[in-house]
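Report on the following structure.
The sequence lines fix the lettering, A, B, ..., with proteins before strands; numbering per chain opens at 1.
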Amino acid sequence: MSPRRTDTGGRIDRLKTIRFTFDGVAYTGHGGDTLASALLANGVTLFGRSFKYHRPRGLLSAGVEEPNALVTVLKGEVREPNIPATMVEIHDGLSAVSQNRFPSLTWDIHAVNQLGGKILSAGFYYKTFMGPVIGPLKGTRFWMFCEHFIRRAAGLGSAGSAKDPARYERMNAFCDVLVVGSGPAGLMAAKAAADQGARVVLADLEPRFGGSGNWSGETIDGAPAADWVRRTVAQLEARDNVRLLPRTTVWGYYDNNTLAALERVSDHKAQPAKGEPRHRYWAIRARSVVLATGAFERPLVFPGNDRPGVMLAHAAERYASEFGVLPGQRVVVFTNNDSAYRSALALKQAGAAIVAIVDVRPQPSAEMSSLAGEAEAELLSGHAVVATEGGKALSGLKVQRFDMVAGALSGDARSVHADCLLMSGGWSPTIHLASQAGAKAEWNAARQAFLPPKPTQNWIGAGAFTGSFSTVEAIAEGRAAGLAAAGGTGTPAALPTVEATPGDPDPAPVFEIKGSGKSFVDFQHDVTAEDVRLAHREGFVSVEHLKRYTTLGMATDQGKSSNIPGLAIMAEALGKPIPEVGTTRFRPPFAPVSIGSLAAERFGDLKPERLTPMHDWHLANGATMYSAGLWYRPMIYGLSGETVEQAYVREAKATRESAGMVDVSTLGKIAVQGPDAAAFLDRVYTNMFSTLAVGKARYGLMLREDGFAFDDGTTWRLGEQDFLMTTTTANAGKVMQHLEYFLDVIWPELKVHVTSVTDEWAGAAIGGPKARQILAACVTGTAVDNATLPFMGIVHGEISGVPVMICRLSFSGEMAFEVYSGAGHGTHVWEALVEAGKPFGLVTYGLEALGTMRIEKGHVTGAEIDGRTTARDLHLDWMLSKKKPFIGSAMMDREGLVASERLELVGLIALDNRPLNGGAHIVEEVDEANPHGSIGHITACCYSPALGKHIALALVKGGKARHGTRAHVSDPLRNRFGPVEIVSNHFYDPEGTRMHG
Amino acid sequence: MAERQSPLEPEFHVGSHGNFEHGVEILLTETRPGSIVQLAAWPGEEKKLMAAIRAVSGLALPDGAGGGLSDGAKSVFGFAPGKFTVADEAEGLAAAFAKTVTPAIGTVTDLSHGRTAIRIAGPKAEWVLSKFFAIDFALPAFPVGAGRSTTHHDVFAQIQRTGTDQFDIYVFRSFARSFWKALCHASEEVGYEVQ
């Protein structure tokens, strides 16, 4: 039996032994233990080192608000830092280590920082590193010198760099009522709402539902509260309209009653089940919300209040009652309110000796005096704890007379031997979510606490969250809230009866006992009461500035235990009441959230893959695939031992000599249908489409509204009111949005429907001198001769029994055809074309050869239509109709868009016979030491098998006027300089004789 | 005519997968309808289009956004104001509609090859779909027959509920394999069978 584990009691499974390690030391615990309760049961008192001073720290709490006992959990190579030991459920094989210490938790060299207390006070960084410093290490330079050492000495845990193999998921949930918190109020709310037939989600950050019912020792409906909890939870579990989410922290309250929650699905398991995520991020859309999030007990601020062994009273009660662990054998209770008396009694009943109850109030009630007697504790009313003793564990404390009205100590200090000091400074409702929902908290003088604001969204509060700290009130409010949230009305059924220790919910307004020694307000960030007063003396009056200057309320606990004491001390310094000092607005997340859960399934797979119908054929036939946006396209079909350049040169050469075929299924395809389709296209394109005959295609250019070139492609007239528009692969989505915008917003009177049919069609572009012969060999149902299928003509036929649509158009500059079939028949048609092409030397080619042939022809793509070029820049002004207005026509003649100094499309030939680089600048005079005077840049480049030269397309000032002149390529980043000749962008077959046959 | 090739083929592994020790709670399959057609009415012509749908398919659409129904062989649902998706086991639906839906009523767009229909069924169908879509899949909110427009990976998708525990998801063919893999992955924790 471990030294502090009680023989009986608690909700742990003593028959189940769990083995784990902390700082490499093997320990055992029981099923239901947290890392905190298990270590405490093993006699561990030292859990961590403080942020700044490296003071030894133990457990302060038993829940999510824990500021001290932060650990790093190790799973394989992955380390997750800053997890409260109170929130880690132990499992076999769990490995956790302490943080912020060197070389060990027990012997931490940085504890020397405690000697520099005054130097390390609030504003240390500002004062030390922002002003001038004597010598060479001034200002930021001094900081840069010190940063490495400071970061080693101060801070929390360190994150690992190993890839996290865990699985994370996102879930969407909708419900009528979301109940946050499952204490008596939350359980009653969930039950009441469920009884009304509402769809209910009940979320609690703890693994066990029930909240205080698990450890309060009260009686509900004649049975122990924990039994009532189990019974109620079982009833909820049995209902189809209730979803229970244990281990789920609701951490964000957003607009329209959308809440964010983190479910720790498998952290408590040695191994997740197959397919089971580690965390699940829930986006919950609730018609109404019941906030039953309880309250946090506040520490008291007094010298030495951070020594291991000093903890919150209810936390000790919870360890004893829920986990069967005594945090000490000789316990002193220090309080300003009645609730700690119940804790004292619970510990007494669990086997501890309650040495004394120190109450700052001069005259506790008779009921409290009676409870003190029952706990066999000496009641020291009108007293305060003024010091604690011990090293890495509490050994004793000093008590002195205290006048709570004057805040003054008197008389001699008395030493008390104790190994555990429980403190209670009153309770602060957990109003974080309500605050996030959008309203300012309201101060309640009686409770000495900020109570929830009036709802600005559809939520209802219940229980301790509202400042109603008794279980009787929680049950009544919970049921009322559940009913109201579900839109129901009161029922005559009696409420469960509660037998509880009586107590006044209002604490004495005492937050701090002033004395010598460090009195901590914010345990996690080592902010002392004196730091707060220092901030005041240095002129900080706003609570927001106080927070930033002292770091009070920052870091992982976000001031859950420190906010109110800090405000109270600031208010006293300012001589103002607390509500006039104000409070900071809580913001998400309520508790730390794993980044993995936010990324969820998109982790490592951010983009879906978009595949053409012939994708698998390409892979099976040696294609090297290339990611083009979301699409995967063949780059080359390389032969063994070929370089990329060798492959594309071979493919392009073969195409120009016989025939080549490329997958063009990725081109955007939009069905433009309706009686006004032709008129619409006239407005969308710069050139005319209403004159296009059925069965013909036309090349079109679109401008943006601002007059710049937007996209190009061919559009096919399939019927009088039926067009098939093609776009560039990259711009398909943008063009679709562009068309929808104009139809929905600008011209809603047009009867036109646009539909993406990109995926309906598989496209194969076959080009080259033998292309027509290949088609003739495999197409049935139509002729493909020049008369039947002229340039830009369209025919319908079949290939291998599958319907196809063939349009004669060319991107390569060769006699070429685009063969479209239903996508599901794409591979079938592709293979038939390959087979038919074998006698003619047909090759399949990829994007590299496609790019090479289009550069040789001087065709533009997205590299030239880059959002900064106009139709004139690209020598496409012949497409700008003068007979009609079109999108962009009103803006395309602006002064800046027709200036003579604009960059225009030209061709370049490398005169040194070396490769050119995309993005390289063109200069008139080369000056390698001082590159300057750019007149343009290269947009696309290749080795041209047709010309036997390295060529490029470029945008150059002066454009055509420079044809025949020489310039230089200047690419200092890649160390490429050399002479080029500026020529027409039409390198190859400028007359188009090959294309037109 | 040659059989249509499924975009899922290399990733379509018939059998049980994932955590099926406690039974299979998800059935996944591709329904492979012969026809998928999009019909769109001009404003004010919606009733005529719905009548045309009834005349061709025999399916009488209910009024209201997202309304729909399925008889097992044919399915129809509204996915936007005045716009409907109709699927049929048989091919040739677009041609049939082209005769009935006159240019004065609206347009017919054949998407039989362009969309892939994936069926997810089983007691955990709502659970798995909730991982992808911010849609309330509860039966009262999403009744049998109804359709919804949504997105997967920011890509447009349509869902029709064709049974209490059964949904047909229409996704773009080019994204279908990627979505299928994601769907299988998301189904692992509850165990799934590909049929």
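- Residue contact with chain B, scored on non-hydrogen atoms closer than 4.5 Å, involves the backbone and the side chain of H753(A) alike.
- Looking only at side-chain heavy atoms (C-beta outward), L630(A) and F175(B) come within less than 4.5 Å of each other.
- Neither the backbone nor the side chain of P748(A) has a heavy atom closer than 4.5 Å to any heavy atom of chain B.
- Within residues 7-20 of chain B, the residues having any heavy atom less than 4.5 Å from a heavy atom of chain A are, in residue-number order, P10(B), G18(B), N19(B).
- Neither the backbone nor the side chain of F156(B) comes within contact range of chain A; no heavy atom of the residue lies under 4.5 Å from a heavy atom of that chain.
- In this structure, chain B has a heavy atom under 4.5 Å from the side chain of W282(A), while its backbone stays farther away.
- Results of the side-chain contact (heavy atoms from CB on, under 4.5 Å) test with P608(A) over H153(B), R177(B), K181(B) single out H153(B) as the only residue that passes.
- For F132(B), the part sitting under 4.5 Å from any heavy atom of chain A is the backbone (N, CA, C, O) and nothing else.
- Contacts from residues 106-124 of chain B to chain A, taken as heavy-atom pairs separated by less than 4.5 Å, involve T107(B), V108(B), T109(B), D110(B), L111(B), S112(B), H113(B), G114(B), R115(B) in sequence order.
- Proximity to chain A among residues 41-49 of chain B is limited to A41(B), W42(B), judged by heavy-atom separations below 4.5 angstrom.
- D759(A) and S174(B) get closest at one heavy-atom pair: OD2-OG, 2.7 Å.
- Neither the backbone nor the side chain of I36(B) comes within contact range of chain A, judged by heavy atoms closer than 4.5 Å.
- Within the 4.5 angstrom heavy-atom criterion, only side-chain atoms of E169(A), from C-beta onward, approach chain B.
- K274(A) is not listed as a side-chain neighbour of E21(B), based on a closest heavy-atom distance of 4.5 Å or more.
- Contacts with chain B were tallied for H615(A), Q673(A), R285(A); Q673(A) has the most, counting heavy-atom pairs under 4.5 Å.
- Heavy atoms closer than 4.5 Å to chain A are found in the backbone of E3(B), but not in its side chain.
- Of all heavy-atom pairs spanning P103(B) and Q721(A), the tightest one is CB-OE1, 3.4 Å.
- For residues 26-33 of chain B, a heavy-atom distance under 4.5 Å to chain A picks out no residue at all.
- When all heavy atoms of F172(B) and S756(A) are compared, the pair lying nearest together is CE2-OG, 3.6 Å.
- Looking only at side-chain heavy atoms (C-beta outward), E189(B) and P277(A) come within less than 4.5 Å of each other.
- Looking at heavy atoms from C-beta onward, R4(B) lies in side-chain contact with H825(A) at the 4.5 angstrom threshold.
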